[in-house]
Amino acid sequence: MTAAPGRITVDSGASDVRAPAGAVRRFVILSILSVVVMLFAAILLGLPALAVALAAGGLATALIVFTVLFSRGHPHARLGAANAVTLLRLTIVCVLLSMLLAGGGSAAVVIPLSIIALSLDGVDGALARRQKLESRFGAAFDMEVDSAFALVLSILAALGPAGPAALLLGLPRYLFGVAGVALPWLNGPLAPRFSRKVICVIQLIVLIVLQLPFLEAWSALTLVAATVGLLAWSFGLDIVSLFRARARARSDA
C-alpha cells in the first residue's frame, strides 16, 4: 500500500482494456531483452549458475504475468518509455535477486545498483505524464516492482547489521495483500496521497543505507524502528480510509 511514487493511476473507462497488438509485441521484445540483460549482468558478476538460473526463471515468470496484464490494461497504441524504464528497474531488481540467491552481494555492487533503480523510479512516472500514456497497468506495474525491490533489499539487509528486523521493511505490502484476501474491502481504491509516496521513498532509501556493512547494529535497528513507525502510520491512514469508504457504501446501499 506504500504505492510507488511518480506513476499516476488513470481510469481507462473499462475493466478489461485490450492493448493494440503492436504495443504488446514491443512489450514482449523488451521483456526478452530484459532477461538477456539480467543474465549478462549476473554472469559478468561471476554469480553461481544455479542462482542466475533461478533469478532468470523468476524474472521470466513475472514478465509472462505482466505481459498478460499489459495486454488487458494498456489502452494506448504506443508502449511508452515509462514502461520500458519500469522494465529496466525490474531487471535490476532481478540482478539483486540473483546476488541474494548466491548468498548475498558486495555492498559495492548492491548499493550502486539500488541507487540506479531508485533514481529511475521517478523517471518512469514523469515520462508517462509527459507522453500522456498513463494507465492502470503502468501504476500497478510500478508499484509491484517497488514492492519486489523493497522485499529483495530487506532480505539482503537482514544479512547485515540490522539482522532479521530488516524484513519488517519488505513485508508490509505483501502482508496487506494477504489481509485483503480475508477482508476484501481492503482492496478498494485509494485516493493519491503525497505522504504515501514520500514514505515509500524513505523506505527504499533506508533499505539501501542498511546495506552498509560498517553500520552499527544500534544505528541499523534505530533506522528500522523509525521507518516501521512511518509505514504503520501510512498503512493505518489507508486502512481507516478504506473502512470509512466501506461504511459509506453500506450506508448508501
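Here CG of Leu207 is found 10.0 Å from CG of Leu118. Values are rounded to the nearest 0.5 Å. Atom CG of residue Leu237 and atom CG of residue Leu190 lie 10.5 Å apart, to the nearest 0.5 angstrom. Note that the CG atom of Asp238 and the CZ atom of Phe243 stand 15.0 Å from one another [nearest 0.5 Å]. Leu97 CG to Ile92 CD1: the interatomic distance, rounded to the nearest 0.5 Å, is 13.5 Å. Note that SG of Cys200 is 9.0 Å distant from CG of Leu231, once rounded to the nearest 0.5 Å. One finds the CG atom of Leu223 at 11.5 Å from the CD1 atom of Ile205 (value rounded to the nearest 0.5 Å).
One N or O on the side chain of Ser147 and one on the backbone of Met143 form a donor-acceptor pair closer than 3.5 Å. Checking side-chain atoms of Ser119 against main-chain N and O of Ile115 turns up a donor-acceptor pair under 3.5 Å. Although no hydrogens or angles enter the test, the distance criterion places a donor-acceptor pair under 3.5 Å between the side chain of Asn187 and the main chain of Gly180. Using a distance-only test at 3.5 Å, with no hydrogens or angles considered, no donor-acceptor pair links the side chain of Gln211 to the main chain of Val110. Side chain of Tyr174 to backbone of Ala148: a donor-acceptor contact under 3.5 angstrom is found. Of the possible polar contacts, one joining the Arg193 side chain to the Ser234 backbone as a donor-acceptor pair under 3.5 Å is found. Remark: side-chain polar atoms of Asp142 are not paired, donor with acceptor, to backbone N or O of Gly138 under 3.5 angstrom. Between the side chain of His74 and the main chain of Val24, no donor-acceptor pair closer than 3.5 Å is present. Between the side chain of Gln203 and the backbone N or O of Leu169 there is at least one donor-acceptor pair closer than 3.5 Å. The closest donor-acceptor contact from the side chain of Thr86 to the backbone of Ala82 lies under 3.5 Å.
Linking Ile, Leu, Val, Met, Phe, Trp and Tyr whenever their side-chain heavy atoms come within less than 4.5 Å leaves Leu88 and Phe40 in two separate clusters. When hydrophobic clusters are built by joining Ile, Leu, Val, Met, Phe, Trp and Tyr residues whose side-chain heavy atoms come closer than 4.5 Å, directly or via intermediates, Val65 is grouped together with Val35. Transitive grouping of hydrophobic side chains (ILVMFWY, heavy atoms separated by less than 4.5 Å) keeps Phe66 and Ile64 in distinct clusters. Phe70 and Val68 fall into different hydrophobic clusters, where Ile, Leu, Val, Met, Phe, Trp and Tyr residues are linked whenever their side-chain heavy atoms come under 4.5 Å apart, directly or through other members. Linking Ile, Leu, Val, Met, Phe, Trp and Tyr residues whenever their side-chain heavy atoms come within less than 4.5 Å leaves Ile199 and Val240 in two separate clusters.
The side-chain heavy atoms of Leu210 and Leu153, taken from C-beta on, include no pair separated by under 4.5 Å. Side-chain contact between Leu100 and Leu159: present, with at least one pair of heavy atoms (C-beta onward) separated by less than 4.5 Å. Looking at Leu171 and Ser154, their side chains never come closer than 4.5 Å, going by heavy atoms from C-beta outward. The shortest distance between side-chain heavy atoms of Ile239 and Trp185 falls below 4.5 Å. In this structure, the side chains of Phe27 and Leu87 come closer than 4.5 Å at one or more pairs of heavy atoms. The side-chain heavy atoms of Ser98 and Met38, taken from C-beta on, include a pair separated by under 4.5 Å. Taking 4.5 Å as the limit, some side-chain heavy atom of Val95 sits within range of a side-chain heavy atom of Leu45. Within the 4.5 Å cutoff, the side chain of Ser114 has heavy atoms near those of the Leu96 side chain.
The heavy-atom pair separating Val224 from Ala162 by the smallest distance is CG2-CB, 4.2 Å. In plain terms, the two heavy atoms of Ala84 and Leu30 that are nearest each other are CB-CD1, 3.9 Å. The nearest pair of heavy atoms linking His76 to Lys132 is CE1-O, 3.9 Å. In terms of heavy atoms, Ala23 sits closest to Ala77 at CB-O, 3.5 Å. Closest of all the heavy-atom pairs between Ala166 and Ala158 is CB-N, 3.8 Å. Between Leu242 and Gly188, the closest heavy-atom pair is CD2-O, 3.4 Å.
Look at Asp146 and Arg173 and you find no salt bridge, because none of the NZ, NE, NH1 or NH2 atoms lies under 4.0 Å from a carboxylate O.
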The test is side chain to side chain contact (heavy atoms under 4.5 Å, CB included); show your working for Asp121 and Phe149 and say whether it passes. CA-CA 11 Å; Asp121 192 16; Phe149 184 30; over 6 Å; no
Please test Ser34 against Leu59 for side chain to side chain contact (heavy atoms under 4.5 Å, CB included), starting from the C-alpha separation and ending with a verdict. CA-CA 9 Å; Ser34 172; Leu59 175 58; 3.8 Å; yes
Apply side chain to side chain contact (heavy atoms under 4.5 Å, CB included) to residues Leu120 and Asp124 and explain how you reach the verdict. CA-CA 7 Å; Leu120 290 174; Asp124 52 9; over 6 Å; no
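Annotation: Phe137 is in aromatic contact with Phe141 [ring centroid separation under 6.0 Å].
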